[in-house]
Amino acid sequence: MSVYYHDVSPPSPSSTCSSTAIISSCRSVGHDLRQSDETYHAEHDQSSLESHGVLSPLLPGPCLIDGASHTTNNDRNSGMQYSGISRLDNEKEAQRINRKIDLYLLPLLSLLYLFNGLDRGNIGNAQTQGFTHDIGALPDDLNLAVSLFFITFVLFQMPSAALGQWLGPSKWLPIMMLCWGVITLIQAFIWGKVALITTRLLIGVFEAGFYPTCIIYLGSFYSRFDLATRIGLFYGQYAIASAFSGALSYAIFQISHAWLKPWQLLFIIEGVLTCILGVVALLWLPTRPGEAWFLSRYERQFVVERVGGGKSGEVDYSSLTRRDLIETLRDWKLWFVLVFNICASVPATAFSVFLPLIVQGMGYKSIEANLMSVPPAVCGAVGLYLFASSSDRRRERGWHIVGALVVAIGGLIGVVVSVSNAAKYAALCVFLFGSYVPPPLTVAWLSGNTPATGKRALVVGANGLGNLAGAIGSQLYRAEYAPGYKLPLVVTLGFVGVALTGYVAYRHTLRAVNARRAAIRKLKSAEQIETERVDTVRHADRKWVFLYDL
């Protein structure tokens with residue numbers, strides 16, 4: 001059987017041409033329950049197409065399946081001419097358009113997320129200059145404020161993501177930036193513990209929906225197996241934010257001012273820049289792929305149809321239903337992996353704030369500590385990009401996350417047991433190389449396994465509960481454990497170990513579900529498979545014609 005791959009990622013040698021052909025041939029395909037993961041992936045690509053009725057604009061016109069000629073619905077309805085275009089030409093076209101989106105959209109979104117990370121973590125840089133002392137607060141008040149930040153940050157993830165789905169990301173993202181930019185500015189002039197906590201709570205509220213809304217937005221432009229690399233580049237700004245924050249703080253702290261303290265200048269400069277970028281984003285970001293000003297009419301149609309959401313192929317950001325909420329709350333795979341995502345996120349969220357203080361504990365002076373926090377953070381960004389790009393190329397998520405966690409554990413053990421500061425610093429770089437990988441690959445994994453647009457928005461928002469790790473980390477790295485922070489590092493090692501075990505179990509669970517669904521399909525007729533594909537009794541990924549990415 002010769003079939004074409006339905007998604008926009010590079011087609012496998014044997015992929016499918018139309019959902020009708022898939023259905024008619026499904027019964028004839030034997031499924032060994034011990035089949036390889038590669039077979040699971042190929043079948044998932046076909047079955048996820050069946051589960052939500054999306055046909056790829058990358059399919060050429062007629063193709064041969066079991067010796068017969070077939071024409072896809074896309075060929076008849078999309079208005080795009082594919083006859084005579086080879087599969088390789090379509091791959092090249094997809095990559096050309098991807099590069100255009102990479103140029104016009106991804107850099108700005110990444111820059112916005114960079115400032116999201118800066119305004120979230122700059123309080124750690126400010127503390128190296130005596131921030132809490134100057135505002136009449138105690139060092140432990142900083143830990144409390146950071147913990148409470150993550151409470152509002154987590155609680156407002158899903159509501160904010162839902163609001164972004166309703167308003168549209170191009171409007172909601174700039175609004176959020178302007179709001180937290182103003183609060184960052186106000187933070188430069190606060191006094192006392194209550195004011196410190198209040199500003200952090202408000203920043204948590206306005207930053208909460210930024211990441212999930214960006215993921216939803218990117219998912220409307222890129223296909224599933226092009227997405228993880230872009231999320232890696234995007235989320236990598238979280239790591240770069242630590243590096244850039246250290247370098248920027250080092251530069252700002254060299255400035256002498258008659259009545260403003262260095263940490264005040266830090267908040268003022270970063271707050272003003274955030275507000276400016278919010279205005280730029282409001283003017284730059286297209287409402288949806290079909291209105292992308294930087295794409296031609298043909299390219300807009302190409303992007304819209306390959307993603308295949310909403311009416312007439314266009315993404316409908318307002319498409320949230322009661323069923324989407326119910327299906328999200330009962331989505332076992334979300335709540336299963338969330339526990340381990342929290343454990344895996346403890347290092348990334350904690351070190352985004354406390355990395356300068358940990359580096360300072362290795363013998364560096366306060367200003368130097370900000371500069372020396374740059375290389376470990378860069379290592380985190382590089383590791384994330386390498387793992388994410390490999391995950392997309394190989395169309396695999398689970399083992400990439402597990403591999404990153406193994407690297408993180410090795411580096412963290414080195415930080416704990418090393419005697420010299422130089423060895424600890426080198427081990428810290430290895431540790432961060434793997435630490436930033438699990439959260440973005442997890443959200444790409446969940447997004448790819450959730451074909452319904454409205455439910456996907458809520459799932460991505462609910463996955464934001466993983467940021468509870470920030471509340472855990474902020475209580476771990478307390479001033480009483482300085483300068484070595486040995487106990488917090490050991491506890492962090494335990495969290496990463498639990499995450500490693502959990503992700504292995506999660507992947508094997510999904511594989512078992514795939515095997516069970518394959519067994520069900522073996523016993524079904526083509527008519528029963530077609531009925532399941534279009535029936536609304538089971539929704540999206542709950543259909544037994546849908547197989548999960550592993």
Side-chain angles (χ1 to χ4, degrees), residues 107 110-131 146 184 232-255 262-263 265-267 269-270 273-274 277 345 347-388 404 407-408 411-412 414-415 418 420-437 439-440 470 473 477 482-485 488-489 492:
S110 298
L111 183 61
L112 301 184
Y113 194 56
L114 171 64
F115 274 80
N116 179 277
L118 283 178
D119 292 336
R120 187 187 313 176
N122 56 15
I123 197 169
N125 301 104
Q127 182 64 359
T128 65
Q129 296 298 300
F131 169 57
V146 173
T184 299
L233 288 168
F234 173 75
Y235 188 85
Q237 305 311 304
Y238 194 48
I240 293 295
S242 296
F244 184 63
S245 180
L248 181 61
S249 299
Y250 179 80
I252 292 174
F253 293 160
Q254 308 300 316
I255 301 173
W263 59 265
L265 287 172
L266 179 69
F267 289 142
I269 292 172
E270 292 186 358
L273 291 175
T274 299
L277 282 173
S345 299
T349 53
F351 278 62
S352 68
V353 176
F354 297 104
L355 180 58
L357 300 177
I358 293 170
V359 173
Q360 187 176 17
M362 294 181 180
Y364 297 99
K365 296 178 181 179
S366 59
I367 294 181
E368 290 177 344
N370 288 283
L371 187 61
M372 293 304 294
S373 65
V374 174
V378 171
C379 287
V382 171
L384 173 54
Y385 174 74
L386 293 177
F387 274 95
V407 172
L412 190 51
V415 175
S418 296
S420 70
N421 286 332
K424 286 184 178 180
Y425 187 80
L428 181 64
C429 292
V430 175
F431 169 53
L432 290 184
F433 186 86
S435 292
Y436 286 95
V437 175
Y477 292 87
Y485 294 98
L489 290 169
T492 301

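Note that the structure is predicted; figures quoted are calculated from it, not measured.
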Under a 4.5 Å cut-off applied to non-hydrogen side-chain atoms, are Pro440 and Leu384 in contact? yes
Counting only N and O atoms by type, is there a donor-acceptor contact under 3.5 Å from the side chain of Asn125 to the main-chain atoms of Ser249? no
Taking atom [atom1] of [X] and atom [atom2] of [Y], what is their separation to the nearest 0.5 Å?
X	Y	atom1	atom2	value
Thr274	Leu112	OG1	CG	9.5 Å
Leu265	Gln129	CG	CD	10.5 Å
Tyr436	Cys379	OH	SG	10.5 Å
Ile123	Thr128	CD1	OG1	11.5 Å
Leu111	Asn116	CG	CG	11.5 Å
Thr184	Asn122	OG1	CG	6.0 Å

Nearest heavy-atom neighbours spanning [X] and [Y]:
X	Y	result
Val359	Met372	CG1-CB, 3.7 Å
Thr492	Pro347	CG2-CG, 3.8 Å
Ile252	Pro262	CG2-O, 3.9 Å
Ala377	Leu432	N-CD1, 4.1 Å
Pro376	Leu428	CG-CD2, 4.1 Å
Ala348	Ser435	CB-O, 4.1 Å

Are Phe351 and Tyr477 close enough that their ring centers fall under 6.0 Å? yes
Without hydrogens or angle criteria, can the side chains of Ser418 and Tyr425 be said to hold a donor-acceptor pair below 3.5 Å? no
Show your working on ring-ring contact (aromatic ring centres under 6.0 Å, His included) between Tyr385 and Phe234 and close with a plain yes or no. CA-CA 9 Å; Tyr385 174 74; Phe234 173 75; over 10 Å; no
